[in-house]
Each structure stands twice: as structure tokens, then as C-alpha cells.
J.: 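One structure follows; several queries about it will come next.
In what follows, residues are counted from 1 in the order of the sequence shown. Everything quoted here is computed from the prediction, not taken from an experiment. Heavy atoms only: backbone and side chains are in, while hydrogens, waters and symmetry mates are out.
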Amino acid sequence: MSDRFAGKLAVVTGAGSGIGLATAKLLIAGGAKVIAVDVVQQRLDDAAKEIGASYVPVAVDITTAEAPATIAAAAGGTPDILVNNAGIMDGFLPTAEVTDAVWDKVLAINVTSMMRIIRQFLPGMIAAKHGAIVNLASEAAIRTCAGVAYTVSKHAVVGLTKNTAAMYSKDGIRCNAIAPGGVETNVDGEFRSALAGERVGAAMGASMMAVAGMGKPEQLAQAICFLADDQAASFVNGVVLPVDGGWSTV
């Protein structure tokens with residue numbers, strides 16, 4: 001399995017840390033070249049020094065209109081694998097408390113930018129009759145474990161994933177998603193709503209820790225790379241795979 005991605009070109013967003021960085025490392029270990037996209041230049045520079053030339057850093061704000069073209073230019077061609085990992089939380093703000101600014105930012109990063117990046121690369125994938133897309137959904141697409149903006153955004157990721165799979169399956173495109181539970185990353189998981197903390201926080205934490213505990217980025221990366229693997233997941237399309245240690249079962 002050490003060469004399962006040999007000769008492949010991959011694009012990974014949010015690749016400067018956490019799940020994205022772990023995924024980039026695993027893809028590179030399998031032989032891929034990774035276009036590593038992140039908004040923080042220093043993260044990318046530090047990772048590039050550690051990993052080497054197969055990790056190509058691209059510092060860009062994925063919410064900007066020009067970001068997809070910037071990423072495509074760095075890739076220099078159509079990727080075989082696209083991992084849409086970048087995302088943010090929303091402070092667990094419920095509907096009566098969420099601001100327009102939080103709503104707009106979360107939807108822009110978690111959904112709109114994902115659609116635009118997929119849209120950028122789909123024509124080339126269709127022409128090549130090949131492409132493996134893996135999107136990051138969330139346990140929040142299954143249960144209430146976040147604020148309203150994040151929850152809506154991850155439900156939208158599921159819809160984007162399934163629609164893309166259905167529309168382009170006959171063109172050789174596979175589009176799947178994973179739904180992580182709690183993961184040890186630097187994503188801000190602070191409760192900024194007393195109501196959310198009271199009504200879902202304690203129960204959510206207790207159920208997760210009782211069943212699964214926190215996952216590690218490397219565990220999520222393994223699932224992402226399974227879905228990206230044209231041999232292991234050759235007939236897997238439109239799936240939203242919970243990767244949560246069983247938390248979604250309770």
C-alpha cells in the first residue's frame with residue numbers, strides 16, 4: 001500500500017494543520033504530490049520544511065473569488081484527488097444568538113468555497129473520466145452538536161456531496177464525505193452560548209466520551225485516504241462515512 005497514490009496529484013485545503021496536514025502527509029507517503037492550501041503562510045512554511053518538495057504550499061483565503069483559480073494555477077493541471085477539509089466552528093451559537101457576520105463567515109468557508117473549488121476542477125476531471133473528491137462533513141450533519149451556522153453548513157456539505165456524486169458518477173467522478181466527531185485539532189470549539197452549553201454541551205460531551213473519546217487527525221486521515229483510493233473505494237460514491245469511534249450510534 002506504500003505506493004497506492006504513486007503519480008497522483010492531490011489538492012488538500014486546510015493542509016497546514018490538523019486533519020488536513022495529516023492527510024497531506026499520508027497521501028505523500030503513498031506517493032502523491034500534494035498542493036497544500038491554507039490561509040496561514042507560517043503553518044505551510046513549517047510543514048514544507050518538515051515534509052519536503054512533494055508538499056507544495058499555497059497560502060490563500062479560500063473564500064475569495066479568485067482562490068479556485070489560484071489553487072488551479074499552483075496545481076498546474078487537474079488533480080486526481082481533491083480533499084475539501086478547511087472549515088471553522090461557530091461558537092455553538094443557536095438561531096436566536098447567531099450574528100450575520102458569523103453566519104456568513106461559516107457558510108462562506110464551510111460550503112461556498114467548497115462548491116467553488118469543486119466547480120473549478122470538475123471540467124478537467126470529467127474530461128479525464130476520473131476524480132476522487134472527499135469532503136469534510138461532520139457529526140453535526142447527524143445530530144445537534146454545534147451551533148446553527150455550523151450545523152446548516154455541514155448539512156449543506158452532505159447535499160453537495162450527494163448531488164455531485166449523482167450527477168457525475170457516469171463521468172468517472174467519485175464524491176464522498178466523512179463525518180468526524182470530536183477530533184484533537186486547533187479548531188476553536190469554545191462555547192460562546194450559555195444556552196447551548198446548558199442544553200446540549202454536557203450531554204454531548206458525556207455521550208462522546210462514554211463511547212469514543214476524541215479522535216486523532218491521523219485516524220481521520222486514514223478514512224479520507226481510503227475514500228480517495230481508487231482501488232480500495234472504487235465503487236464507493238455518494239457516501240457520508242461517520243468517523244467518530246461509534247459516537248453516532250448513541
J.: Among side-chain atoms of N85 and T13, is any donor-acceptor pair under 3.5 angstrom?
T.: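 No pair is found: no donor N or O on one side chain lies under 3.5 Å from an acceptor on the other.
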J.: Do other residues, nucleotides or ligands put more than 12 heavy atoms under 6.0 Å from the OH atom of Y168?
T.: no
J.: Is it true that K25 and E50 make a salt bridge, defined as a side-chain N closer than 4.0 Å to a carboxylate O?
T.: yes
J.: L136 versus I224: any side-chain heavy-atom pair under 4.5 Å?
T.: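 Side-chain contact under 4.5 Å: yes.
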J.: Does M167 share a hydrophobic cluster with I126, counting links as ILVMFWY side-chain heavy atoms below 4.5 Å and allowing steps through other members?
T.: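 Yes; I126 is reachable from M167 via cluster members.
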J.: What pair of heavy atoms forms the shortest contact from A141 to K154, and how long is it?
T.: CB-O, 3.8 Å
J.: For the CG atom of L107 and the CE atom of M114, what is their distance to the nearest 0.5 Å?
T.: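 Atom-to-atom, L107:CG and M114:CE are 11.5 Å apart.
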J.: State, to 0.1 Å, how close Y150 and N110 come at their nearest heavy-atom pair, and which atoms those are.
T.: CD1-ND2, 3.6 Å
J.: Heavy-atom distance under 4.5 Å between the side chains of K216 and V183, does that happen here?
T.: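 Answer no - side chains too far apart.
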J.: Hey, are the side chains of L27 and C225 touching, using non-hydrogen atoms and a 4.5 Å cut-off?
T.: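 Of all side-chain heavy-atom pairs linking C225 with L27, at least one is under 4.5 Å.
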J.: In Å, rounded to the nearest 0.5 Å, how long is the span from CD of Q219 to CD1 of I178?
T.: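 Interatomic distance, Q219 CD to I178 CD1, rounded to 0.5 Å: 11.0 Å.
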J.: For a quick test of reading the model, state the closest non-hydrogen atom pair linking V158 to A137 and the distance between them.
T.: CG2-CB, 4.1 Å
J.: Would you mind reporting whether Q231 and S234 have side-chain heavy atoms less than 4.5 Å apart?
T.: no
J.: Can you tell me how far the SG atom of C175 sits from the CG atom of N163, to the nearest 0.5 Å?
T.: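 Output value for this atom pair is 9.0 Å.
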J.: Taking I19 as the starting point, is it possible to reach V106 by hopping between hydrophobic residues whose side chains are less than 4.5 Å apart?
T.: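 Cluster IDs for V106 and I19 differ.
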J.: From M125 CE over to H130 NE2, what is the distance, rounded to the nearest 0.5 angstrom?
T.: 8.0 Å
J.: Considering all heavy atoms of both residues, which atom of A72 and which atom of Q120 are nearest to each other, and what is their separation?
T.: CB-NE2, 3.6 Å
J.: Rounded to the nearest 0.5 Å, how far does NZ of K170 lie from NZ of K129?
T.: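 Answer rounded to 0.5 Å: 10.5 Å.
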J.: How about L26 and Q222: do any of their side-chain heavy atoms sit closer than 4.5 Å?
T.: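 With C-beta onward as the side chain, the pair touches.
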J.: Is T144 close to T151 at the side-chain level, that is, under 4.5 Å between some pair of heavy atoms?
T.: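 No, their side chains stay 4.5 Å or more apart.
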J.: Ignoring hydrogens, what is the shortest heavy-atom contact between R43 and G16? Give both atom names and the distance.
T.: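 Minimum heavy-atom contact is CB-O, 3.6 Å.
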J.: Check whether D171 reaches the backbone of I173 with its side chain - one donor and one acceptor, N or O, closer than 3.5 Å.
T.: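 Not a single qualifying donor-acceptor pair exists.
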J.: Of all the heavy-atom pairs spanning P242 and S248, show the shortest one and how long it is.
T.: CB-OG, 3.7 Å
J.: Mind checking whether V239 and I133 sit in one hydrophobic cluster, side chains of I, L, V, M, F, W, Y counted as touching below 4.5 Å?
T.: no
J.: Distance from L122 atom CG to I118 atom CD1, nearest 0.5 Å?
T.: 7.0 Å
J.: Are D244 and P180 packed together at the side-chain level, in the sense that at least one heavy-atom pair is separated by less than 4.5 angstrom?
T.: no
J.: Under a 4.5 Å side-chain heavy-atom rule over Ile, Leu, Val, Met, Phe, Trp and Tyr, are L9 and L44 clustered together?
T.: no
J.: Hey, is the main chain of V102 close enough, under 3.5 Å, to the side chain of T99 for a donor-acceptor pair?
T.: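 It does hold such a pair.
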J.: Do the non-hydrogen side-chain atoms of D230 and R174 ever get within less than 4.5 Å of each other?
T.: yes
